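Some notes on the structure that comes next.
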There are 2 protein chains.
Amino acid sequence: MAGQNVISLETIKVACQNCSLSALCLPMTLTPEDVTRLDNIIERNRPLHRGDYLHSEGDPFERLRVVTTGSIKTYSTSDDGSERILGFHLPGELIGLEAIENSRHRCSAKALETTLICEIPFDALEQLSHETPSLQHQLYRLLSREIGHETEILMLLGKKGADERVATFLMSLSERFKGRGFSASDFYLSMSRFDISNYLGLAVETVSRIFTRFQDEGLINAKRKHVQLLNLARLQEIADGNHHKGRSQRGYHS
Amino acid sequence: MAGQNVISLETIKVACQNCSLSALCLPMTLTPEDVTRLDNIIERNRPLHRGDYLHSEGDPFERLRVVTTGSIKTYSTSDDGSERILGFHLPGELIGLEAIENSRHRCSAKALETTLICEIPFDALEQLSHETPSLQHQLYRLLSREIGHETEILMLLGKKGADERVATFLMSLSERFKGRGFSASDFYLSMSRFDISNYLGLAVETVSRIFTRFQDEGLINAKRKHVQLLNLARLQEIADGNHHKGRSQRGYHS
DNA sequence: AGAGTTTATTGATTTAGATCAAGCATTTGT
DNA sequence: ACAAATGCTTGATCTAAATCAATAAACTCT
């Protein structure tokens, strides 16, 4: 995009020995030297098993984490002990950005399956970013992007019906997998129906019913945790609220 | 907190001639010199009238904005023309952080009443932050804080009932006003019931009914847009989900 | 100041999705 | 390999909040 020393994501991947450093590299504007320095502070491929904690709410924040393979859920626990799922993190995605403010984590994180993560000590990253304007810029962008995500979630929870939520969820996973070179229409749902329903603000029963209905309608093929999306276009329509023949939530014009 | 040159928020306020620069200063760790430099790039007190746009979705992003007096709503428009309110911005609060990623605004912003804003060219701020580690750190924190807010909204929209949502909304305004030296229990609701309901993911009628019920129960005194909170403690209980005698949404334990 | 428009309230009715209840399937642990 | 526990699905019922409908109050504009 901007600078003169633009390098490709491919180059990065090689330079980083396939570590998911690319999470730090939206459209990439770091020089090869920057990447090397970045590469030096990354701690690589720590393995986790299903149910392992990365951190709990209130833990001191020391490092950002990038999922290499597997998946992580982040959640917040309320007084009465009930959880609220905040998000699912797939390969290439970052965890911990919310913790910079107070050097404390504001949520817990747990592995949903066997997972590898890379870790980046934030002190070092911040220091490096001070010496490296392009990296500083990337970090601002990265944080900003995360803020932008909120829009979608507000849309989802604020005005979408149950079908739309589930379809949106599936399409979101699809696109995120695709973006990382996995199949966009055939993947493994590492999270439980319970987690999904919690994340979508629905009851488990509702999610389960919608899965079976989508199945009956030939939109998906869900065998337990393995899901195939058979009709991406239709799912996208549903996600967008074009329900049967153009249904939508109550309009609202200023 | 950290550094040796910590100065108080009071000092800042004076240094900035009461401009709401303090939005950039969570617990403050900028030196007086930093503040002066920051001060120099800020464009002060641009006036807006009710209904004026600050920017629309897709507009190029050039400056961060801080509300000095008045209030702003941010919202996103979907294909069918319906709006989704993303947030309300009170004095001292920042607008535009979501736009850094692509140098384009991801939402629209409109003044809810007569409003003054300060503007900070982002290029200059970024440049300055590069020369000023403490400012760089503040910016990371600021962005991170915004990401952390998401938690609360997810809680609100994901598991709270209508009463809880309205109570949470009122308490949130109360605290934000209090934090800026306004009354915590007596304020002006610059946004319409429509905006409130949209933000809370409820129907206008529902919000209206809850306002009148809260009124009947002696919790608030709402004359149109002027609201008095008469029983903060009880409102907080309701916001937390301690409805009549300990009601709560379906629990969920991992 | 009064007609017209927007915004808010209140009531009646409907409905999407939650809750309750029960039965299967799948994993886990010994 | 078996029992126990956990997670998933399906059906019946209930309810919170949406929708529909109508009125009333508050701004706007000339």
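Proteins get letters first, then strands, A, B, ... in listed order; numbering begins at 1 in each. This structure is a prediction, so every number in the text was calculated from the model and none was measured. Computed from heavy atoms alone, side chains included, the values below leave out hydrogens, waters and symmetry copies.
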Taking atom [atom2] of [N] as reference, at what distance in whole Å does atom [atom1] of [X] sit?
{"X": "B/K159", "N": "D/dA16", "atom1": "NZ", "atom2": "C1'", "result": "18 Å"}
{"X": "A/I196", "N": "D/dG7", "atom1": "CD1", "atom2": "P", "result": "13 Å"}
{"X": "A/H226", "N": "C/dA25", "atom1": "NE2", "atom2": "P", "result": "21 Å"}
{"X": "B/L202", "N": "D/dA18", "atom1": "CG", "atom2": "C1'", "result": "10 Å"}
{"X": "B/I210", "N": "C/dT9", "atom1": "CD1", "atom2": "C1'", "result": "14 Å"}
{"X": "B/L112", "N": "C/dT7", "atom1": "CG", "atom2": "C1'", "result": "15 Å"}
{"X": "B/N198", "N": "D/dA18", "atom1": "CG", "atom2": "P", "result": "12 Å"}
{"X": "A/K223", "N": "D/dG7", "atom1": "NZ", "atom2": "C1'", "result": "19 Å"}

Inset, instruction - List in chain and number order the residues that pass ring-ring contact (aromatic ring centres under 6.0 Å, His included) with A/F182, two or more places apart in sequence or in another chain; answer none if no residue qualifies. - result: A/F177

Inset, instruction - List the atom of B/S76, the atom of B/E57, and the distance in Å for their closest heavy-atom pair. - result: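 Heavy-atom minimum between the residues: OG-OE2, 3.4 Å.
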
Inset, instruction - Considering non-hydrogen atoms only, spot the tightest contact between B/K110 and B/Y75 and give its length. - result: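 Of all heavy-atom pairs spanning B/K110 and B/Y75, the closest is CE-OH, 3.6 Å.
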
Legend entry - Parallel, tilted or perpendicular, as decided by the 30° and 60° cut-offs, for the rings of A/H105 and A/F61: perpendicular

Legend entry - Summary of protein contacts for nucleotides 8-14 of chain D, nucleotide by nucleotide, where a base hit scores B, a sugar-phosphate-only hit scores S (4.0 Å, heavy atoms): SBBBB--

Legend entry - NZ (B/K178) with more than 12 external heavy atoms under 6.0 Å: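 Count not over threshold, so no.
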
Legend entry - SB check A/E83 A/K73 (cutoff 4.0 Å):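 Yes, A/E83 and A/K73 are salt-bridged.
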
Legend entry - Sugar-phosphate, base or nothing in reach of A/R165, heavy atoms under 4.0 Å: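 Contact class for A/R165: none.
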
